[in-house]
Structure formats: structure tokens, C-alpha cells
*Asks:* 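Questions regarding the structure given below will be posed in turn.
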2 protein chains.
Amino acid sequence: MSVPLHFVVKTRLVEVVEGLGEGAALPPERVLAKEFGVSRWTMRQAIRELIADGRLRARQGQGTFVATPKLVQPLALVSYTEALRAQGHTPAREVVDFDELAADAVLAEKLGIAEGEPVHRLERVLFADGQPIGLETTYLAVERFPTLKEVLDPTGSLYRCLTDQLGVRFGEGEELVETVIATPREAELLKATQSLPMLLLHRTSRDTTGRPIEAVRSLYRGDRVGFRATLRP
Amino acid sequence: MSVPLHFVVKTRLVEVVEGLGEGAALPPERVLAKEFGVSRWTMRQAIRELIADGRLRARQGQGTFVATPKLVQPLALVSYTEALRAQGHTPAREVVDFDELAADAVLAEKLGIAEGEPVHRLERVLFADGQPIGLETTYLAVERFPTLKEVLDPTGSLYRCLTDQLGVRFGEGEELVETVIATPREAELLKATQSLPMLLLHRTSRDTTGRPIEAVRSLYRGDRVGFRATLRP
DNA sequence: AAGTGGTCTAGACCACTCC
DNA sequence: GAGTGGTCTAGACCACTTG
């Protein structure tokens, strides 16, 4: 048993998947388990890994289907909308929350303000071709952008609003990427199942004078999205 | 049951973990399950997620322990050794394989050679402070670097060898980041458990004339490593 | 030998979707 | 109502580490 059974099943299941076209339906878990001669738990373990790898997609009450390839998002200070459109996809946003709160120590540090000062919080679900792929939460100091709530169309591009209407000039930024497991709330907003690995991206942007503009926390579905960075020596 | 039981358990377990110090041992799974009044499966699900999040670390036959914070690796064309040392950690490498093979279509395309031509493959496990954190596989065209096998100390820095001894000057590079599930072989080399989410990084480097140098596939343990990128507008 | 985490089974019920 | 994926239980055995 040095190689777990569920991996053997996964390997054989990959061959089945490759024999099917994108979007094709797989037989039900219970049927597959019987065909492969394993328990449903083992079958689900194999399927879960193929879902995490982005090769399958499960829809409760409907079935499991062969997935389309992952999207690739640039790790760059560009508009989400433009980046996606450039790849031939249809972007969309949905506002979950747009309110104010008091900065905790970590957030205050990132935004260069004192703890307890008010910050805007804009939380939006990002879509590509009608499918939710990410949850983006942006924090900006109220002191620095007092008119944001009147000026910004929350369904539009924040980046455009800041540069075009508020005269902000983006300078350097720093991004951190890691994998995490989504909370139930996040999974629900992204229409994902529990315990799916996500890509968590933390960004802090500064203007050309080095002053902090925003702190962003973006959670992307690991089964649907990857990142691309262009490196300069 | 809109919130899964294992998440409730996870939330309560986090509080327990926060009350302990780094490296402290958790009670055995069976004991925790009984204390929380859930089955061992549910307990393991909660623990597995905390492991994926990098907050716990399981060692078979020993127990489960509170983990140390994740490392942060730069997404940049710099030496792995130097990057790690700059953060106060001790780097090491272990050669798994150093041989030649014929390029398949994808690899040939990346390296700018014809399919079937020979390429060097150097596969190494990367360590930080004695712990395996990544598996790096580098491919270079034999035609371009015919003396590599004689010149390179495979336990040393490839980057240094190329720049200092072979006169290569690195230009632009492109990196792709995504999450995947490790194969049993990869998991074993990284001393990780099955079905742990990994960060997969694909890099192709070019010299200052735009000619391909190397194709690299790096698999990092998602529970121990994150990436940092500095953005320029 | 004892105790730990890792894998697997058989069976149950829930939540959701479609007919 | 029937069928799907999602969660959970109780119990078993395996693989590994330590005394």
C-alpha cells in the first residue's frame, strides 16, 4: 500500500477524463466507485484531487463534469477588467459590501495610518464568463480618499477611478501569493465546495512618492485560476 | 448544517492552537475527536485544513504539532541560496537526478529546439533549515550547454555556474504560479502527506538576446512557502 | 509492544437540482 | 420523488516512530 488506493484510482480516472470532451458529464460517484471496485470515500478522494487540479468540476444535484482549462491572471498593477478582456474572456463584478470600519494594527501599518482610523472596505466577487473566480477585498484610508463613496461606481474599475478621477499615480507595489483553504463564507460566495485550495494574494500599492494607496486581499479559486509574472533581471 | 461540522471544529481548534507555542504537540486525533464529540474523520478533516493553511504539521508515528510561519520566496531571477540566506535561513540542496532525455513537443517549444533533441534534466530537492520545501526540475538544451555535466557541481548554484562559468547573461523571464496536488512520488520526496496543496511554479528564462536558457518546474510545499513579487507600473 | 497518524470500508442522512 | 454530490459516523487495518 505504498501508493494509496485513491491515487491509483485517480490515475485511472484521468484516462477516463481524457477520453471525454470539455464539459462532458462523468458517471455518478456511486457508479464509478462500483466500477472501480472501491468505496465511495476513496472515489471521492480521487475526484476531489482532480477538482483541485482543475480537471473536473462538481455541481451539487447535477453531477461531475470535465472542466475547462484554468485562466491566467497577470501579477501586475493593471485593471482586472482589461487583463481578462485581453484574453478573450468576459469580466464582471458583483459588490458584496462597501462600508467603513476601523483599522486594526496590521491594516493601519499597511496603509500608513493610525490604528482605529476609518478605512473604506470594498468587497467584490470577480467573474469570468459568468463564473465566479475570485473575491477581492480592498481597503483604502478614508482620510486620504474622503470622497470615494460619492465618486466611485462600485461595479466599475477602482483602478480607473483612482487614476482618472482622483489623480492617483501608481508607483511600486508588492504582492504575496500563498495557498489557503477557504472559509465556508468565502466558498459560498465563490460557489465553491469546502476545503478547495485557493490562491490568496495580498497586495499593497504605493503611489510614485511611496505613499500607500490601498491594501488588497484577493482570494482566487485555485481550480480555475493561475498567475503569470514577467521577470526583469 | 449550513456550516459543516468540521469547520466548526476547525474554528475551535484554532483557538486551542493559538493557546500553544510553536512546535508544541497537539493531543492525538482520537483524543481530540472524543473531546470535541465528533468522529475521527471529522476531526481529521479539520486538522487537514489547518495543515494546508500552514498552522499545523503532522508527523506519522509522532503526533501533530504547531507549525512555524511560512517562508516567503521571491518571484525573481535570483539564486535560491542567496534569497533564503538573506532571510536568515539555512539553504541546502539534494540531487535526485541529473541525466539527459529527449525533448517532447512542449519542452522543445520552451527551449527553442526541435522535438527529440537531447536536454539536460536536473532534479533537486530544496531545503530550508533542514526541512524539504521544494522540488526543482530544470531543463537545458544539451546543444547549447554541452559541457554542463562537466562544469556544474550539481549541489551548487546553477544560476552562478551559468553566469560565472558559462558566460550567460539573464534577460527577461516569465513565471506561472498555480496550485496542484502532489503525486505520491513528489509528496515522498518532500516528506509531505498525500493530497497536500502545492504551489507549482513554471519558469522560462531568456538571455539578453531573447534566446531561451532554461525551463524550470518548481513544486513548493503550499503549507510552508509563499511567494513575493515586486511590481513596477 | 504501544501509540501515533494515514488509509479505507460500509452505511447513513442532508442539500440541492431536475423532472 | 428520484438522483446527484456533500457531510458524517463507527470501526478496521496499515505504516511509522519511540521506548
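On a predicted model such as this, the values are computed, not experimentally measured, just so you know.
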*Asks:* Determine whether the aromatic ring centres of residues B:F227 and B:Y220 are separated by less than 6.0 angstrom.
*Replies:*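 Yes, ring centres under 6.0 Å apart.
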
*Asks:* Please report, rounded to the nearest Å, how far the C1' atom of C:dC14 is from the NE2 atom of B:H6.
*Replies:* 13 Å

*Asks:* Table please: side-chain donor-acceptor pairs of residues 11-21 of chain A below 3.5 Å, with sequence neighbours left out.
*Replies:*
from, atom 1, to, atom 2, distance (Å)
A:T11, OG1, A:F7, O, 2.8
A:E18, OE2, A:R55, NH2, 3.4

*Asks:* Rounded to the nearest Å, what distance is computed from the CZ atom of residue A:F7 to the C1' atom of nucleotide D:dC14?
*Replies:*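 Value for this atom pair: 19 Å.
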
*Asks:* Does any donor atom in the side chain of A:T204 or A:E174 lie under 3.5 Å from an acceptor atom in the other side chain?
*Replies:*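 No, because no side-chain N or O of A:T204 sits under 3.5 Å from a partner of the opposite role on A:E174.
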
*Asks:* Can you pull out the residues from residues 22-45 of chain A that lie within a 4.0 Å heavy-atom distance of DNA chain D?
*Replies:* A:P28, A:E29, A:R30, A:R40, A:R44

*Asks:* For the pair B:D104 and B:L107, evaluate side chain to side chain contact (heavy atoms under 4.5 Å, CB included) and give the outcome as yes or no after the intermediate values.
*Replies:* CA-CA 5 Å; B:D104 63 20; B:L107 189 53; 3.3 Å; yes

*Asks:* Check residues 58-68 of chain A and write down every donor-acceptor pair under 3.5 Å in which the side-chain atom is one partner and the other belongs to a residue at least two apart or another chain.
*Replies:*
from, atom 1, to, atom 2, distance (Å)
A:R59, NE, A:Q62, OE1, 3.2

*Asks:* Please report the interatomic distance OG1(B:T155) to CZ(B:R93), rounded to the nearest 0.5 Å.
*Replies:* 7.5 Å

*Asks:* Can you spot which of B:L152, B:T138, B:L148 makes a side chain to side chain contact (heavy atoms under 4.5 Å, CB included) with B:H120?
*Replies:* B:L148

*Asks:* Considering residues, nucleotides and ligands other than B:K34, do more than 12 of their heavy atoms fall under 6.0 Å from its NZ?
*Replies:* no

*Asks:* When you measure from every atom of DNA chain C, which of residues 60-71 of chain A have a heavy atom less than 4.0 Å away?
*Replies:*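 Those residues are A:Q60, A:G61, A:Q62.
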
*Asks:* Set out, in order, the CA-CA distance, both residues' side-chain angles and the distance that settles salt bridge (charged side-chain N to carboxylate O under 4.0 Å, His left out) for A:K191 and A:E94, then state yes or no.
*Replies:* CA-CA 13 Å; A:K191 293 190 173 56; A:E94 192 174 282; over 6 Å; no

*Asks:* Report the distance from atom CG of B:L196 to atom C1' of C:dG5, rounded to the nearest whole Å.
*Replies:*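 Value for this atom pair: 15 Å.
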
*Asks:* Whole Å only: how far is the CZ atom of B:R48 from the C1' atom of D:dC8?
*Replies:* 14 Å

*Asks:* Please tabulate, for the side chains in residues 22-32 of chain B, all donor-acceptor contacts under 3.5 angstrom to protein atoms that are two or more places apart in sequence or on a different chain.
*Replies:*
from, atom 1, to, atom 2, distance (Å)
B:E29, OE1, B:R40, NE, 2.9
B:E29, OE1, B:R40, NH2, 2.9
B:E29, OE1, B:R44, NH1, 3.3
B:E29, OE2, B:R44, NH1, 2.6

*Asks:* Using five pairs at either end of the helix from C:dA1-D:dT18 to C:dC18-D:dG1, determine the angle between the two local helix axes and round it to 10 degrees.
*Replies:* 0°

*Asks:* In whole Å, I'd like the distance from the CG atom of B:L5 to the C1' atom of C:dA15.
*Replies:* 16 Å

*Asks:* Of A:T183, A:D223, A:L219, which meets side chain to side chain contact (heavy atoms under 4.5 Å, CB included) against A:M198?
*Replies:*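 That would be A:L219.
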
*Asks:* Quickly work out the B:L56 CG to C:dT4 P distance and round it to whole Å.
*Replies:*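 In whole Å, C:dT4 P lies 16 Å from B:L56 CG.
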
